[in-house]
Amino acid sequence: MAERFVTRGFGGRPRSAVGLAARIPPGQHLVTDFPVLSAGPTPRIDLATWELALSGLVRAPVKWSWPEFLALPAEEFTKDISCVTTWTKLDTRWRGVSVDTLLEHVELAPNALGLVAECHGGYTTNLLLSDAVNGQAFVAYEYDGKPLPPDHGGPARLVVPHLYFWKSAKWLRALRVVDRDRPGFWESNGYHIRGDPWKEERYSGD
Ligand SMILES: Nc1nc2c(c(=O)[nH]1)N[C@H]1C(S)=C(S)[C@@H](COP(=O)(O)O)O[C@H]1N2
Ligand SMILES: [Mo]
């Protein structure tokens with residue numbers, strides 16, 4: 001992927017060295033490439049059969065086909081992302097549907113507490129609803145103005161930029177509403193249940 005030395009003019013963010021440093025969470029370093037990190041092979045996903053489900057503790061579960069998903073109101077998001085392996089990438093540019101928009105289509109049960117992101121290939125990650133609403137998380141299908149590449153989670157992935165990037169589940173197929181914050185794949189393998197980069201919540205016990 002071609003990277004430019006000069007950053008484009010994303011609205012009003014600080015560009016001085018001091019300003020940039022203030023955007024890098026503790027223990028992280030800046031990258032300009034976009035590393036690929038996957039626990040398994042990149043699945044081949046057919047858009048003709050692709051579905052996104054919103055299921056679990058909702059009155060009536062919803063499923064979107066690819067055309068239905070693309071018809072939902074979408075937004076542009078420009079966000080900094082941090083991977084627990086210590087890279088941080090600034091101003092990543094995505095297009096997708098906010099989790100708020102998805103949740104407008106269901107009625108949550110009173111005991112709804114979290115979401116489990118379920119992926120093609122079996123990967124899962126857990127998220128509190130309080131970390132998923134109010135514009136904090138979205139399901140992206142474009143990166144940098146182009147369809148999201150398969151290695152980066154295309155056709156569509158969850159992006160939760162304020163938490164370590166393992167929470168940003170690639171090849172998303174379902175968001176399941178749950179009443180307990182149970183650990184997903186990495187959270188069951190020694191990583192933190194929440195993963196806030198600014199608090200360095202890397203490993204369970206941090
Ligand atoms: N389905 C799925 N989602 C995943 C992963 C994975 O292995 N499978 N890896 C996670 C991890 S650890 C990171 S850091 C990011 C990496 O995303 P990228 O490959 O687009 O950089 O995806 C996250 N989402
Ligand atoms: Mo990661």
Side-chain angles (χ1 to χ4, degrees), residues 1-3 24-47 49-55 66 69 77-97 99 114-128 131-132 136-176 182-204 206:
M1 199 169 296
E3 292 291 340
I24 306 168
Q28 297 290 114
H29 69 277
L30 275 188
V31 297
T32 54
D33 63 338
F34 193 173
V36 170
L37 286 105
S38 307
T42 295
R44 214 169 297 163
I45 298 166
D46 184 0
L47 287 182
T49 54
W50 183 94
E51 279 186 333
L52 179 63
L54 181 54
S55 60
W66 185 250
F69 178 65
F77 299 87
T78 300
K79 297 289 182 183
D80 302 343
I81 54 176
S82 288
C83 172
V84 74
T85 60
T86 76
W87 57 266
T88 289
K89 187 170 174 61
L90 302 181
D91 289 326
T92 62
R93 196 163 61 90
W94 309 84
R95 182 174 180 79
V97 179
V99 169
L115 294 172
V116 178
E118 300 178 334
C119 306
H120 292 269
Y123 185 89
T124 60
T125 188
N126 59 293
L127 205 60
L128 288 169
D131 276 317
Q136 296 178 98
F138 52 93
V139 180
Y141 56 87
E142 283 182 17
Y143 176 76
D144 220 4
K146 291 183 281 292
L148 182 61
D151 283 348
H152 285 301
R157 78 180 295 170
L158 186 65
V159 182
V160 193
H162 72 292
L163 300 179
Y164 282 123
F165 209 38
W166 85 74
K167 295 287 187 184
S168 294
K170 303 198 279 191
W171 316 300
L172 188 67
R173 58 177 184 79
L175 291 171
R176 189 160 49 84
R182 288 208 183 85
F185 178 78
W186 282 123
E187 298 85 358
S188 304
N189 283 282
Y191 287 87
H192 195 275
I193 191 78
R194 178 157 181 264
D196 181 343
W198 291 99
K199 297 181 180 164
E200 276 208 271
E201 293 173 341
R202 295 177 191 276
Y203 308 108
S204 53
D206 282 351

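Start at 1 and go down the list; that is how both ligands and their atoms are numbered.
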Quick one: do Leu158 and Val99 satisfy side-chain contact (heavy atoms from CB on, under 4.5 Å)? Show the steps, please.
CA-CA 9 Å; Leu158 186 65; Val99 169; 4.1 Å; yes
Is the His152 ring parallel, tilted or perpendicular to the Tyr143 ring (thresholds 30°, 60°)?
tilted
For residues 35-44, which side-chain donor-acceptor pairs fall under 3.5 Å, sequence neighbours excluded?
from, atom 1, to, atom 2, distance (Å)
Ser38, OG, Lys170, NZ, 2.8
Thr42, OG1, Asp151, OD1, 2.9

Between Phe165 and Trp94, how do the two ring planes meet: parallel, tilted or perpendicular, split at 30° and 60°?
tilted
Do Tyr191 and Tyr164 have ring centres separated by under 6.0 Å?
no
Put together the list of close N/O pairs, under 3.5 Å, between ligand 1 and the protein, could you?
from, atom 1, to, atom 2, distance (Å)
ligand 1, 1 (N), Lys170, O, 3.0
ligand 1, 3 (N), Lys170, N, 2.8
ligand 1, 7 (O), Ala39, N, 2.6
ligand 1, 9 (N), Leu37, O, 3.2
ligand 1, 17 (O), Arg157, NH2, 3.1
ligand 1, 19 (O), Leu37, N, 2.9
ligand 1, 19 (O), Lys170, NZ, 2.6
ligand 1, 20 (O), His152, ND1, 2.6
ligand 1, 20 (O), Arg157, NH1, 2.7
ligand 1, 21 (O), Pro35, O, 2.6
ligand 1, 22 (O), Arg157, NH2, 3.2
ligand 1, 24 (N), Ser168, O, 3.0

Using the ring of each side chain (for Trp, its six-membered ring), is Trp50 parallel, tilted or perpendicular to Phe69, with breaks at 30° and 60°?
tilted
